[in-house]
Amino acid sequence: MPKVNEVILVEGRYDKNTLKQVVDADILETSGFGIFHDKQKQKLLRRIAERRGLVVLTDSDGAGFVIRNFIRSCVPPQYLKQAYIPDLYGKERRKSSPSKEGKLGVEGMRPEVLLDALRRAGVEFCDGQADPQSGVPITKADLYALGLSGREDSKARRAALLKELDLPERLTADGLLEILNVLMSREDFLRRFQAFPPDRVEE
């Protein structure tokens with residue numbers, strides 16, 4: 001499976017699930033139009049784009065282009081790539097009827113179509129060799145060991161860490177894990193956390 005250096009941004013979880021079967025990549029969601037009112041997520045996307053580069057892959061319908069254009073206004077162009085899927089008409093398997101415009105979304109695209117869209121956008125594919133973000137990922141076990149999940153005060157600890165790292169306050173333990181692995185290596189995370197002792201957690 002081809003590995004992508006940049007972070008890919010899609011509209012929703014079905015798009016993400018489809019793309020995960022095509023490329024080895026960090027994939028984030030806009031939650032549809034939810035991105036419009038989420039200032040913290042907008043800030044996070046800028047931060048991720050500056051560190052890793054961001055590839056926008058939305059549906060080819062009107063809504064997809066509204067989201068795409070909004071992301072353009074949030075992220076500096078030098079950190080942004082635009083991947084476009086073709087206008088193909090039909091209905092996704094899970095849906096009872098076609099979309100309003102009758103076009104297939106990202107989740108309805110064949111793997112080769114998605115790969116072609118990414119290639120045409122100039123996405124960087126790894127050759128399987130180690131890259132700066134590779135290595136042992138941060139795991140749920142790490143979060144548990146550091147008291148960030150599965151403990152009585154884990155929610156408070158996560159809230160304090162999110163504030164320390166300037167991340168959205170509503171991130172769940174799973175969401176935190178995903179973002180941490182996008183932003184830093186396991187070694188960087190453990191080093192950063194060691195400088196953030198438990199007694200700094202607000203009661």
Checking the side chain of [X] only, and the main-chain atoms of [Y] only, is there a donor and an acceptor separated by less than 3.5 Å?
| X | Y | answer |
| --- | --- | --- |
| Arg52 | Val182 | yes |
| Lys91 | Lys95 | yes |
| Gln42 | Ile35 | yes |
| Glu6 | Glu124 | yes |

Handout entry: Side-chain hydrophobic cluster, 4.5 Å single linkage: members besides Tyr14
Key =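 Noted: Tyr14 shares its cluster with no other residue.
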
Exercise for the section: Tell me, please, which residues at least two apart from Arg119 pass side-chain hydrogen bond (donor to acceptor under 3.5 Å, both in side chains). Expected result: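 Arg119 satisfies side-chain hydrogen bond (donor to acceptor under 3.5 Å, both in side chains) with no other residue.
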
Problem - Lys43: side-chain hydrogen bond (donor to acceptor under 3.5 Å, both in side chains) partners, not counting sequence neighbours - result: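 side-chain hydrogen bond (donor to acceptor under 3.5 Å, both in side chains) list for Lys43, sorted by chain: Asp166.
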
Which residues satisfy the salt bridge (Lys or Arg N to Asp or Glu O under 4.0 Å) test with [X], sequence neighbours excluded?
| X | value |
| --- | --- |
| Glu29 | none |
| Arg13 | none |
| Glu50 | none |
| Lys155 | none |

Handout entry: Non-neighbouring partners of Tyr79 that pass ring pair (Phe, Tyr, Trp, His ring centres under 6.0 Å), sequence neighbours left out
Key =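 Partners of Tyr79 under the ring pair (Phe, Tyr, Trp, His ring centres under 6.0 Å) test: none.
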
Practice task
Quick one: list whatever passes ring pair (Phe, Tyr, Trp, His ring centres under 6.0 Å) with Tyr144, sequence neighbours left out.
Solution key: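 Once residues adjacent in sequence are excluded, Tyr144 has no partner under the ring pair (Phe, Tyr, Trp, His ring centres under 6.0 Å) criterion.
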
Handout entry: Pairwise ring-ring contact (aromatic ring centres under 6.0 Å, His included) hits with a residue in residues 81-112, at least two apart
Key =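 Qualifying pairs, neighbours excluded: Phe65-Tyr84.
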
Problem - Of all pairs that satisfy ring-ring contact (aromatic ring centres under 6.0 Å, His included), the ones with a partner from residues 152-177, not counting sequence neighbours - result: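 Applying ring-ring contact (aromatic ring centres under 6.0 Å, His included) to every pair that reaches into residues 152-177, excluding sequence neighbours, yields nothing.
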
Practice task
Check whether any side-chain heavy atom of Thr58 lies under 4.5 Å from a side-chain heavy atom of Val106, and answer yes or no.
Solution key: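 The answer is no, as the side chains (C-beta and beyond) never meet within the 4.5 Å cut-off.
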
Exercise for the section: Mind checking the CZ-CZ spacing from Arg151 to Arg157? Nearest 0.5 Å is all I need. Expected result: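 Going from the CZ atom of Arg151 to the CZ atom of Arg157 covers 8.0 Å.
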
Practice task
State, without any angle test, whether Thr139 and Asp142 hold a side-chain donor-acceptor pair at a distance under 3.5 Å.
Solution key: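 Yes.
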
Practice task
Sequence neighbours left out, what pairs pass salt bridge (charged side-chain N to carboxylate O under 4.0 Å, His left out) with at least one residue falling in residues 99-118?
Solution key: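 The answer is Asp87-Lys103, Arg94-Glu107, Glu101-Lys103, Arg110-Glu112, Asp116-Arg120.
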
